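Each chain gets a letter, A, B and so on, in the order the sequences are listed, and its residues count up from 1. Just so you know, these numbers come straight off a predicted model, no measurement behind them.
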Amino acid sequence: MPELPEVEVVAAALRAAVIGRRVVEVVVRERRLRRAVPRDLPQTLRGRCVTGVSRHGKLLRMILDEGAVVLALHLGMSGTLRLRRAAEPLERHDHVAFALDDDHALVFHDPRRFGLIRPAPVGDPLRQNRGLDPVQDGFTAEALATLTRKRRRSIKSTLMDQSLVAGLGNIYVNEILATAGIRPGRASGRLSRREHEAIVTATRTVLWAAIERGGSSISDFRHADGKSGGFQTQFLVYDRAGEPCRRCRGVIRRRVLGGRSTFYCPRCQR
DNA sequence: CGCACCCCCTGCCGGC
DNA sequence: TGCCGGCAGGGGGTGC
């Protein structure tokens, strides 16, 4: 589920609620995430103070004691981070709970267990998520042209490659290409300068609109306070196969590209 | 290099 | 009603 806008919404909530709090205890109920949660995680974090929260692409980092420890968190497909009162009992799929010194707990919940929680070496991003963050300054038409030069790979799979551009997933890439008027299967290296610019502009527009609406909640994404996002009602194409295009008289099509469902309007995307 | 497949895991939905 | 296949916002690996 969570792509850049959803992760940004979670990061903002954590910045507001967790910075300045001390980790009192860490309860690990299920270690088997995408990679095993280290056995010594509680001991590594206990007593440390949260001094910052950052996000790059879909990866969250909780900075403890000014960087003495950095905890990397990834929500995978079905992960959420919720703030709960310490007294509330844990539920099924609540895998890790960080008890804080204000009688609340930050709870990592992830039915599919594709998420990740592990201490990260300071300043060293995980191997994936190294790409340009598309809401930061470096994501420009020139940068996109450089990344795609002479590549035949489709623009959709290029934009979803986290080592090139970090944070876009299947929903937002579909929406961005619809907004930019470009077909997902186009070879990225053959796009014009103007088209690269359209993609960069559309990316900013779509991501900021989604962040403002609190992200998209398709089935299980929730904010740290349990609320749903609202951007799913604004989709131009995602999961709208057979439905009318919102901007022309076309009908949205679905095809599979790189193993993922791909939606586009054949009339206004070229 | 790029893709077509696999895998990981649970939940939900539609068809029978 | 129940079972089964397909699909889902994530990433990683292999082989062609």
**Request:** May I have all residue pairs that pass salt bridge (Lys or Arg N to Asp or Glu O under 4.0 Å) and include part of residues 162-173 of chain A, sequence neighbours excluded?
**Result:** none
**Request:** Take the protein atom CG of A:Leu33 and the nucleotide atom C1' of C:dG10, then report the distance between them rounded to whole Å.
**Result:** 13 Å
**N-O pairing of A:Arg55 and A:Asp133 below 4.0 Å** = yes
**Message:** In this structure, how many angstroms lie between the C1' atom of C:dG10 and the CZ atom of A:Arg35, rounded?
**Reply:** 15 Å
**Message:** Check this for me, if you would: do A:Asp102 and A:Arg22 make a salt bridge, where the nitrogen-to-carboxylate-oxygen distance has to be below 4.0 angstrom?
**Reply:** no
**Message:** For C:dG11 and A:His74 - does any side-chain N or O of the residue sit under 4.0 Å from the phosphate oxygens OP1/OP2?
**Reply:** yes
**Prompt:** Can you check side chain to side chain contact (heavy atoms under 4.5 Å, CB included) on A:Ile182 and A:Arg270, steps first, answer last?
**Reply:** CA-CA 5 Å; A:Ile182 294 166; A:Arg270 295 290 167 182; over 6 Å; no
**Asked** C:dG11 phosphate, OP1 or OP2: any side-chain N/O from A:Gln162 under 4.0 angstrom?
**Response** yes
**Fill in**
Residues passing the salt bridge (Lys or Arg N to Asp or Glu O under 4.0 Å) test with A:Asp40, sequence neighbours excluded, are none
N/O-N/O pairs, protein side and nucleotides 7-9 of chain B side, under 3.5 Å:
from: B:dC9; atom 1: O4'; to: A:Arg112; atom 2: O; distance (Å): 3.4
from: B:dC9; atom 1: O3'; to: A:Arg113; atom 2: NH2; distance (Å): 2.9
from: B:dC9; atom 1: O2; to: A:Arg112; atom 2: NE; distance (Å): 2.8
from: B:dC9; atom 1: N3; to: A:Arg112; atom 2: NH2; distance (Å): 3.4

**Prompt:** Which dot-bracket string fits DNA chain C when only Watson-Crick or G-U wobble pairs with both atom distances under 3.5 Å count, crossing pairs get [ ], and | stands for a partner on a different strand?
**Reply:** .|||||||.|||||||
**Message:** Between B:dC8 and C:dC3, how far apart are the two C1' atoms, rounded to whole Å?
**Reply:** 24 Å
**Request:** Output yes when A:Asp161 and A:Arg153 qualify as a salt bridge under the 4.0 Å nitrogen-oxygen rule, no when they do not.
**Result:** yes
**Request:** Anything under 30° is parallel, anything over 60° is perpendicular, the rest tilted; go ahead and classify A:His93 against A:His109.
**Result:** perpendicular
**Prompt:** Between A:Lys58 and C:dG9, is there a side-chain N or O to OP1/OP2 distance below 4.0 Å?
**Reply:** no
**Message:** For the P atoms, the ones on C:dG10 and on B:dC1, what distance do you get once it is rounded to whole angstrom?
**Reply:** 23 Å
**Prompt:** Is it true that A:Glu195 and A:Arg186 make a salt bridge, defined as a side-chain N closer than 4.0 Å to a carboxylate O?
**Reply:** yes
**Asked** Do the charged groups of A:Glu25 and A:Arg46 touch, with an N to O distance under 4.0 Å?
**Response** yes
**Message:** Tell me the interatomic distance from A:Leu4, atom CG, to C:dG10, atom P, rounded to whole angstroms.
**Reply:** 12 Å
**Request:** Among C:dG10, B:dT10, C:dA8, find the nucleotide with the atom closest to the side chain of A:His93.
**Result:** B:dT10
**Prompt:** Do A:Val135 and A:Val206 share a hydrophobic cluster (ILVMFWY, side-chain heavy atoms under 4.5 Å, transitive)?
**Reply:** yes
**Item:** salt bridge (Lys or Arg N to Asp or Glu O under 4.0 Å) contacts in which one or both residues fall within residues 203-214 of chain A, not counting sequence neighbours
**Value:** none
**Request:** Would you indicate, yes or no, if C:dG9 has its OP1 or OP2 atom less than 4.0 angstrom from a side-chain nitrogen or oxygen of A:Tyr172?
**Result:** no
**Distance in angstrom units between A:Asp110 CG and C:dG10 P, rounded** = 13 Å
**Request:** Could you list by number each residue of residues 144-157 of chain A showing a heavy-atom separation from DNA chain B of less than 4.0 Å, or answer none if no residue does?
**Result:** A:Arg151, A:Arg152, A:Arg153, A:Ser154, A:Ser157
**Request:** May I have the distance from A:Glu3 (atom CD) to C:dA8 (atom C1'), rounded to whole angstrom?
**Result:** 12 Å
